[in-house]
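What follows is a single structure, written as structure tokens, with notes after it.
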There are 2 protein chains.
Amino acid sequence: MKQPPVPVKPWPESDPAVDALVTEVIGRVADKWTMLVLEVLADHSELRFTQISRLVPDVSQKMLTQTLRQMERDGLVVRTVFPVVPPRVEYRLTDLGLSLGAAFCGVWRWAEENLRRIEAARAEFDARQKR
Amino acid sequence: MKQPPVPVKPWPESDPAVDALVTEVIGRVADKWTMLVLEVLADHSELRFTQISRLVPDVSQKMLTQTLRQMERDGLVVRTVFPVVPPRVEYRLTDLGLSLGAAFCGVWRWAEENLRRIEAARAEFDARQKR
DNA sequence: CGGAATCCATAACGATACTG
DNA sequence: CAGTATCGTTATGGATTCCG
């Protein structure tokens, strides 16, 4: 049985204006810290600032604040401030944030499943460069 | 049969070592230019350097070269050099590259479908900041 | 044509100090 | 606790020039 020449056509359309916006959104959303925060929030459903900072390895306080602010601005997380001392701030994903997590799940699994292949390709490429 | 409490659990495991590698791979692969090149190559199946540069808006020659090299190193594209003058170099996606395109399709569609929601969230957030 | 090499501006990020 | 503000460094990307 012959397979179709192109098994998957990933992107259905190509409106340049929409493309630019989509690219910008993906660029922001595909950020390293955003994805890691998305992961821990998807796992724990609600977390305080310091809890997130402990769960996301090597994130600086500055980057975490910045990332959470952007995610809040984009409607991915809600930030709840409890007027107590010491302050208590909780973060949780919105439905939009959850749906993004689901969408990214495919990429995450792809990366997991193909780690070896990528490492092998890199090793072979690097070996060829040395010659 | 009882369904699990969390409707979607995006990430099945959490091995910190694998996590770090996956994060690194995603970080590289989720790059702006990589995604755009992936898109045009998925649409055209094989392209020359200048053709890609015309199809990807605003990409500099430096970034395009760099992106293509990384993609080649990661085993996402194959680079074929024809020994003629003037030089002719063709790029096409590998199966790995195609499968990545398919995985990213979910994120791409998510971004398209939720553009409005994100813009609305941003507008509301910005309006609240001004007060 | 398809790059490589260089220079340079700026954006990104980490570390530190301070605050309600 | 959950940030904000500032500073210094590093990484990134554009523009330009040159080459087989």
Side-chain angles (χ1 to χ4, degrees), chain A residues 20 23-24 26-37 40-41 44 46-74 77-92 125-126 128-131, chain B residues 20 23-37 40-41 44 46-74 76-92 125-126 128-131:
Chain A
T23 298
E24 188 261 346
I26 292 188
R28 166 144 311 164
V29 130
D31 165 72
K32 173 185 179 181
W33 299 125
T34 301
M35 283 194 309
L36 292 178
V37 170
V40 302
L41 281 179
H44 295 80
E46 70 200 0
L47 289 171
R48 299 179 60 175
F49 187 86
T50 34
Q51 291 181 311
I52 302 177
S53 71
R54 271 193 295 268
L55 288 170
V56 177
D58 298 328
V59 67
S60 68
Q61 165 267 340
K62 179 182 179 178
M63 292 314 329
L64 183 54
T65 301
Q66 197 176 107
T67 301
L68 286 170
R69 282 292 176 285
Q70 284 180 0
M71 293 177 74
E72 188 193 0
R73 186 170 112 96
D74 290 343
V77 303
V78 283
R79 175 172 176 270
T80 312
V81 182
F82 297 87
V84 296
V85 285
R88 177 187 186 88
V89 180
E90 283 191 351
Y91 294 90
R92 65 173 174 81
F125 182 89
D126 293 349
R128 242 186 297 165
Q129 295 316 84
K130 287 216 306 196
R131 287 182 290 172
Chain B
T23 299
E24 188 262 345
V25 166
I26 292 187
R28 165 145 311 164
V29 129
D31 165 73
K32 174 185 178 180
W33 299 125
T34 300
M35 284 194 306
L36 293 177
V37 169
V40 302
L41 280 179
H44 295 80
E46 69 200 1
L47 289 171
R48 300 179 58 177
F49 187 87
T50 35
Q51 292 180 308
I52 302 178
S53 71
R54 271 192 297 267
L55 288 169
V56 176
D58 298 329
V59 68
S60 67
Q61 169 264 332
K62 180 183 180 177
M63 284 293 96
L64 183 54
T65 301
Q66 195 175 108
T67 301
L68 286 170
R69 281 292 175 286
Q70 284 179 0
M71 292 176 75
E72 188 193 0
R73 185 170 113 97
D74 289 344
L76 301 178
V77 304
V78 283
R79 175 174 177 269
T80 312
V81 182
F82 297 87
V84 296
V85 283
R88 176 187 186 87
V89 179
E90 282 191 351
Y91 295 89
R92 64 172 175 81
F125 182 89
D126 293 348
R128 241 186 296 167
Q129 295 317 84
K130 287 216 306 199
R131 288 182 288 172

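Not measured: the values here are computed from a predicted model. Residue numbers begin at 1 in each chain, while the letters A, B, ... track the order of the sequences.
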Produce the list of close N/O pairs, under 3.5 Å, pairing protein atoms with atoms of nucleotides 1-4 of chain D; give distances to one decimal.
{"unit_1": "D:dC1", "atom_1": "O3'", "unit_2": "A:R48", "atom_2": "NH2", "d": "2.9"}
{"unit_1": "D:dC1", "atom_1": "O3'", "unit_2": "A:P87", "atom_2": "O", "d": "3.3"}
{"unit_1": "D:dA2", "atom_1": "OP1", "unit_2": "A:R48", "atom_2": "NE", "d": "2.9"}
{"unit_1": "D:dA2", "atom_1": "OP1", "unit_2": "A:R48", "atom_2": "NH2", "d": "3.2"}
{"unit_1": "D:dA2", "atom_1": "OP1", "unit_2": "A:V89", "atom_2": "N", "d": "3.4"}
{"unit_1": "D:dA2", "atom_1": "OP2", "unit_2": "A:T50", "atom_2": "N", "d": "3.1"}
{"unit_1": "D:dA2", "atom_1": "OP2", "unit_2": "A:T50", "atom_2": "OG1", "d": "2.6"}
{"unit_1": "D:dG3", "atom_1": "OP1", "unit_2": "A:R69", "atom_2": "NH2", "d": "3.0"}
{"unit_1": "D:dG3", "atom_1": "OP1", "unit_2": "A:R79", "atom_2": "NE", "d": "3.2"}
{"unit_1": "D:dG3", "atom_1": "OP1", "unit_2": "A:R79", "atom_2": "NH2", "d": "2.6"}
{"unit_1": "D:dG3", "atom_1": "OP2", "unit_2": "A:Y91", "atom_2": "OH", "d": "2.5"}
{"unit_1": "D:dT4", "atom_1": "O4", "unit_2": "A:Q61", "atom_2": "OE1", "d": "3.3"}
{"unit_1": "D:dT4", "atom_1": "O4", "unit_2": "A:Q61", "atom_2": "NE2", "d": "3.1"}

Worksheet item: Going through the checks in order, is the side chain to side chain contact (heavy atoms under 4.5 Å, CB included) test met by B:E46 and B:T80?
Response: CA-CA 10 Å; B:E46 69 200 1; B:T80 312; over 6 Å; no
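Considering every non-hydrogen atom in both A:R88 and A:E90, the closest pair reads NH2-OE2, 3.0 Å.
Separating the OG1 atom in B:T34 from the CE atom in B:M71 is a distance of 6.0 Å, to the nearest 0.5 Å. The structure places CZ of A:R69 at 10.5 Å from CD of A:Q66, a figure rounded to the nearest 0.5 Å. Atom CZ of A:R48 and atom CZ of A:R54 lie 9.0 Å apart (nearest 0.5 Å). Here the CE-NZ distance, from B:M63 to B:K32, works out to 11.0 Å after rounding to the nearest 0.5 Å.
Following rounding to the nearest Å, B:R28 (CZ) and D:dA11 (P) show an atom-to-atom distance of 14 Å.
Looking at B:D31 and B:Q70, their side chains never come closer than 4.5 Å, going by heavy atoms from C-beta outward. A:T65 places a side-chain heavy atom less than 4.5 Å from the side chain of A:F49. At least one side-chain heavy atom of B:V77 sits under 4.5 Å from a side-chain heavy atom of B:L41.
When DNA chain C is scanned 5' to 3' for any atom under 4.0 Å from a heavy atom of chain A, the first and last hits are C:dC13 to C:dG20.
Taking five base pairs at each end of the helix from C:dC1-D:dG20 to C:dG20-D:dC1, the local helix axes there meet at an angle of 50°, rounded to 10°.
The one candidate from A:I52, A:L47, A:V40 that meets the side chain to side chain contact (heavy atoms under 4.5 Å, CB included) condition with A:Y91 is A:I52.
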